Each structure stands twice: as structure tokens, then as C-alpha cells.
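Source: prediction; values computed, not measured.
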There are 2 protein chains.
Amino acid sequence: MSQQRHGVTPGNAPGDRAGAVPAFPDLPEATIARLPEYLRALHNLGDAAADTISSEGLAAAAGVNSAKLRKDLSHLGSYGTRGVGYDVTLLIEQIEYVLGLDQRRAVCLVGLGNLGHALAGYDGFASRGFKIVALFDADASKVGELIQGLEVRHIEDLGRVAVEENIAIGVIATPALAAQAVADVLVDAGVTSILNFAPCVLSVPANVDVRKVDLAIELQILSFHEHRKASLTALPGGRSAASAGNQEAVGS
Amino acid sequence: MSQQRHGVTPGNAPGDRAGAVPAFPDLPEATIARLPEYLRALHNLGDAAADTISSEGLAAAAGVNSAKLRKDLSHLGSYGTRGVGYDVTLLIEQIEYVLGLDQRRAVCLVGLGNLGHALAGYDGFASRGFKIVALFDADASKVGELIQGLEVRHIEDLGRVAVEENIAIGVIATPALAAQAVADVLVDAGVTSILNFAPCVLSVPANVDVRKVDLAIELQILSFHEHRKASLTALPGGRSAASAGNQEAVGS
DNA sequence: AGGCGCTTGTGAAGGCGTGCACAAATCGCG
DNA sequence: CGCGATTTGTGCACGCCTTCACAAGCGCCT
Ligand SMILES: NC(=O)c1ccc[n+]([C@@H]2O[C@H](COP(=O)([O-])OP(=O)(O)OC[C@H]3O[C@@H](n4cnc5c(N)ncnc54)[C@H](O)[C@@H]3O)[C@@H](O)[C@H]2O)c1
Ligand SMILES: NC(=O)c1ccc[n+]([C@@H]2O[C@H](COP(=O)([O-])OP(=O)(O)OC[C@H]3O[C@@H](n4cnc5c(N)ncnc54)[C@H](O)[C@@H]3O)[C@@H](O)[C@H]2O)c1
């Protein structure tokens, strides 16, 4: 439980720049969370623009400060060219390598209700190198159903299938009450990353990563800012304020 | 654009503790983001447990450090009792007041495709004081459709309906290409908080708060940690590490 | 009434992240 | 070939957040 902040100290063989990207930097978490945004911006720009981009330009496209962007990229030893900018293609390759997107990762989805159906039909998975290879549900009436060409299997088969398909990432879209049980099954099956949509805290071993997406929390944070804004408009210097949390709003 | 970090300095009338909760603390953003989690934990516990709870107990239920929890609660001037703990009912009231959940907030949802349908059918909105009062789509074949008893309207009606229903929060579930245009319409209609599911950066005036939920980013962050873990198992002291970003994993 | 155990609230310290400001590097052009 | 324009990479300072550690406060039991 104690947060051994991934004390990596990677075994970078001293002379291992055999043409490839450096071995493995231990990036700040804040940087990691932004890399996917840079990647998306690069893909959007790459379609129709020049083959290099300045930190200023990319930062604008990704909605961040340019100094932050440069520092982020410098962390992964990126090779920009002073006076010119970053090579778009090279940068995409680097970020994808660091994020491990060059290897296709098998994903399974548990819980095919309302939300699960939407997720199963989402093309944003495949377009980013993730492939949903299996669907699971506990409801016998759903087992066997075909969704996007994939058959819904019973959750009891998860252990077997996870090994067969080498599933690394599990997505939980069951009710909160079932989520912990599902997480346990996933962990037993060797899954080491979980994306949890159920509004609850999951307990997992230290080597398993959990991220959660909680709609209600997002709305409540917005609600707070609404509340605050409302209390401000009643004040003399009723200025408007910005930014909901880390997720900064970009001025128009 | 410059990040005026909501420089509030609220005009707290010096002697305004007229029986209610203190006027308006400017809470750290990190605290605000955790309050909903405490609230959920309290609701779960409140159902079947005692009428007070210790910081240790609540922290465990919310998956955080107990010192952090105490500091968070102290920020909103919470009245715990030393030697005893926090009064569950009172604490719920306080947090709900601060988050502005005592006032029902009207929400509209734009884009009723795959994801939009799931969101429209989600009961987690209503159970937290949010009410979806209108659905909008640009697709004429969808306009008129009834979803959960609500009729899908054309996006051109958004301006009018938003004023009628006093909509404060808009949820965007359209393709990324349409998201900016939808955001503009929402802003014009007076909406001041936006929850964006489309994978893109939105430009909005400084007084509008935007939060985004991006599935692909979450998966890519998990992918990074998978990548890192894989590179560690190949090392001599192949220890396992924990925590995916801020969203800490709880040890089993 | 007094003491004891428990729990809150907070001062202080350290770590992390951000953003400024500038030196170093590169390109293009005269 | 040299110079200026441009842009990267980063040292530094500042502020936010987290965590520890402990004094102050509260209730209960004797
Ligand atoms: N619908 C949304 O828009 C939305 C949004 C955010 C979060 N969520 C959360 O996502 C989760 C799912 O929401 P939903 O609306 O799809 O609910 P749902 O009830 O429609 O679907 C839940 C599915 O999980 C299956 N399930 C139940 N127990 C299971 C188990 N032990 N193993 C495997 N499958 C099991 C059920 O059979 C059902 O198919 C909930 O926790 C909800 O709070 C939903
Ligand atoms: N489906 C998922 O699980 C999922 C998950 C995460 C993010 N997303 C994102 O959410 C968004 C919606 O995903 P989806 O799968 O529901 O897509 P979808 O194509 O099924 O639905 C999009 C809907 O938006 C409507 N629309 C298009 N332009 C519009 C406009 N200008 N105004 C109003 N409505 C408009 C369309 O008519 C359609 O009904 C996408 O940006 C997607 O990337 C989806």
C-alpha cells in the first residue's frame, strides 16, 4: 500500500541507443496523463499540416501551456530541433512507444447493460490500438447475444478466456454492487489494469492499476463551480472566474 | 487565457454565521474533487451504520488517507467532535451544501447516439440531484424519438429551451467534429458548465467551466503502466509497483 | 472529580507540478 | 561566412498538495 513511487531505476544498458528510443524514463504522472492529448492533437494536425510543429502550435492544439509541453517532451528525451520544432512523425512514434501503444493490447468488457453496449460499439478503442476481444456478463439472458460481432460470454468463462487471449486490461461496467467481485475475478485471471465505471472504490493488489470514470463526480464538481459562480454574481465586483479543476477551460 | 486561478476573495460579511453553514470557503480544487467521493461513502455507510464516523473509517471507505480527509473537511469548517468523529447526517448536509447539491440543477444532453442513449438512461444522475430536462440531436430522424419519457428535440431549439428550463449544465456526446459547434450553441444559450465526452479540446469563454471525460486517454494511461510493468518483470529485482496516476489503487 | 483513551484539527516539512525567463542551438539569408 | 530570427531545453522560484506528528479537546469509566 505504501506508495513506492514506481522506483524504477531501469536497467538502461549504458550504450543502448541502437537506433531506437531511449529505454525507459520514469515520467511524472502529470506528464503521462497529457501525452495522450498531445498524441491526439498530433494526429489531427498531421493529416493536413506540415511535417514539423512548434511547441507553441502543438500546445495550442492540445490546450496547454507551451512551456509545459516542452518540459513534458524533454522528459522523454525527445529530439526537437531548435529554431524549427518537432518532427511530427517522429514525435508520434516516440509518444506511442512510451505509452506502449505499439503493442496491441487486448481488452475485455464486463457488464453489457446500458453503458456496456455503448462501450462495445465505440470505435475509439480500435482507433487507438486497443481491441476488445471478449465481452462478459452474469445475466444468462444476455449470454450468447452478439454485439458488434462478438458473443457475450458468461463471467465464469473469464478466467479461461483471459489467459487464452492474453487480456491485460479489463473494463468494468456492472452495477457498483457487483464491481468488487468482478475486479476480483479479473485479478485472479491475471488482468493487471482495470478501468472502472462503477461508482465505488475497488480493492486490488498493489501490482494492479485501477482508473475510474465517475460521471456523478464530474457533475458534482461542475455543480460546485455553478454554486460558486452564482454566489459571486451577487457580489459587487462580480467578475467571472474560470477553470473547473485541473481541466482548464481555454479562453475563446 | 492567462490562468486567473479563480481569484475569489469572496465578500464574506464578517459576522454572517446566521445559523447556516459558513459563507463560502475557497476550497482547494483537489479537495473539491474528493468531496463527492466522501459523499458517496457517507451514503453507503449511512444506510446501515452508526450515526457518527471517524476520519479513519470514512477515509477507508473513500479510499484515501485519513489525514487528507481531515484536512479536506477542516477546509469547509466542518464540525467533527474530538474523541468521537463526524456526525454522518450533518456531514452529508454540509458537503451537499458546499457542492450546491441542495439546489436541483437542470441538465441537457446533446447527441443521442450510442453513448447518449446510455447516458439518458442512467439513473446515477437523478439520484445525485441532477435532472436531465432536455435531449437534443441534429439528426432529423432522431428528433421526436422518446427516450426515458423525454422527447428528443432539434438542436436549433436549444437556445429557447435552455432559457425556459434554466439549464445550467450541458453534456456533449456528439462526434468530436461537432463538439465545438455544440459548445458554442450551449454557451450562447447561457449554459455555464459543460461535460464533454467528445475527444477534443473545447474553446469557451472564461466564465464557462468545462470538464472532459476521455475514455481513450484513460486506456492509454493504463497502457503506459502495462508497458512499464512489463519492462520491470524482465529485470532482476522484479518488484511490482502500484498506482496509476492520481487514482490510487487500494492494496488488497 | 479526575484520569485515560480516542479522535480531531493543524503546524510544519517535503515533494511535485507549473510557468517564467533565458541561454544554447539551429536554420536561412544576405 | 556571419548574423539575426526563431525555437528548443532547462534552471529556478513559487505555490499547491500531501503527509507526518502532535497538541488540544471530548467523552466515558472508575
Ligand atoms: N449508463 C450510464 O450512462 C452510466 C454512466 C456512468 C456510470 N455508469 C455506471 O456503470 C455501471 C453500469 O451502468 P448501466 O447503466 O450499464 O447498468 P445496467 O444495469 O444497464 O447494466 C449492468 C450490467 O451488468 C451486468 N452484471 C451485473 N452483475 C454482474 C456480474 N457480477 N458480473 C458480470 N456482469 C454483471 C448486468 O447483467 C447488466 O447487464 C453502473 O455501475 C453505473 O453506475 C453508467
Ligand atoms: N460510445 C462510447 O462508448 C463512447 C465512449 C467515450 C467517448 N465517446 C465519444 O462520445 C461521442 C459520441 O459517441 P457515440 O458512440 O455516441 O457516437 P454516435 O455517432 O453514435 O452518436 C453521435 C450523435 O450525435 C449526433 N450529432 C452529430 N452532430 C450533431 C450536432 N451538431 N448537434 C447535435 N447532435 C449531433 C448524431 O446525430 C448522433 O446521434 C463521440 O465523440 C465519441 O468519441 C463515445
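Counting to the nearest Å, the P atom of D:dT18 and the CG atom of B:Leu69 are 12 Å from each other. Look at CG on B:Leu73: it is 11 Å from P on C:dT10, rounded to the nearest Å. Between A:Leu76 atom CG and D:dG9 atom P the separation is 10 Å, expressed in whole Å. Separating the NZ atom of A:Lys71 from the P atom of C:dC22 is a distance of 15 Å, rounded to the nearest angstrom. We find that CD of B:Glu29 is positioned 18 Å from P of D:dG15, with the value rounded to whole Å. Atom CD in A:Glu56 sits roughly 13 Å away from atom P in C:dG19 (whole-Å rounding). Rounded to an integer number of Å, the gap from A:Ile53 CD1 to D:dT6 P is 17 Å. Counting to the nearest Å, the C1' atom of D:dG9 and the OH atom of A:Tyr79 are 13 Å from each other.
Looking only at distances, a side-chain donor or acceptor of B:Lys229 sits under 3.5 Å from a matching main-chain atom of A:Thr192. The backbone N or O of A:Val84 lies less than 3.5 Å from no partner atom in the side chain of A:Thr81, so there is not a single donor-acceptor pair.
For the pair B:Thr81 and D:dC26, the criterion of a side-chain N or O lying under 4.0 Å from OP1 or OP2 is not met. Under 4.0 angstrom from either OP1 or OP2 of D:dG9 there lies at least one side-chain N or O belonging to A:Tyr86. Close to C:dG17, at under 4.0 Å from its OP1 or OP2, lies no side-chain N or O of A:Asn65. Note on A:Lys68: a side-chain N or O is less than 4.0 Å away from OP1 or OP2 of C:dG19. Checking the phosphate oxygens (OP1, OP2) of D:dT18, a side-chain nitrogen or oxygen of B:Arg34 falls inside 4.0 Å.
Here the closest heavy-atom approach between residue B:Gln94 and residue B:Gly77 is recorded as NE2-O, 4.2 Å.
Between the base of D:dT7 and the side chain of A:Arg82 there is no donor-acceptor pair shorter than 3.5 Å.
With contacts defined as side-chain heavy-atom distances shorter than 4.5 Å, the pair A:Ile194/A:Ile169 does not qualify.
Here D:dG27 is the nucleotide among D:dT18, D:dG27, D:dA21 with the atom lying nearest to any side-chain atom of B:Val84.
Checked for salt-bridge contact, A:Arg40 and A:Glu37 meet the test: a charged N lies under 4.0 Å from a carboxylate O.
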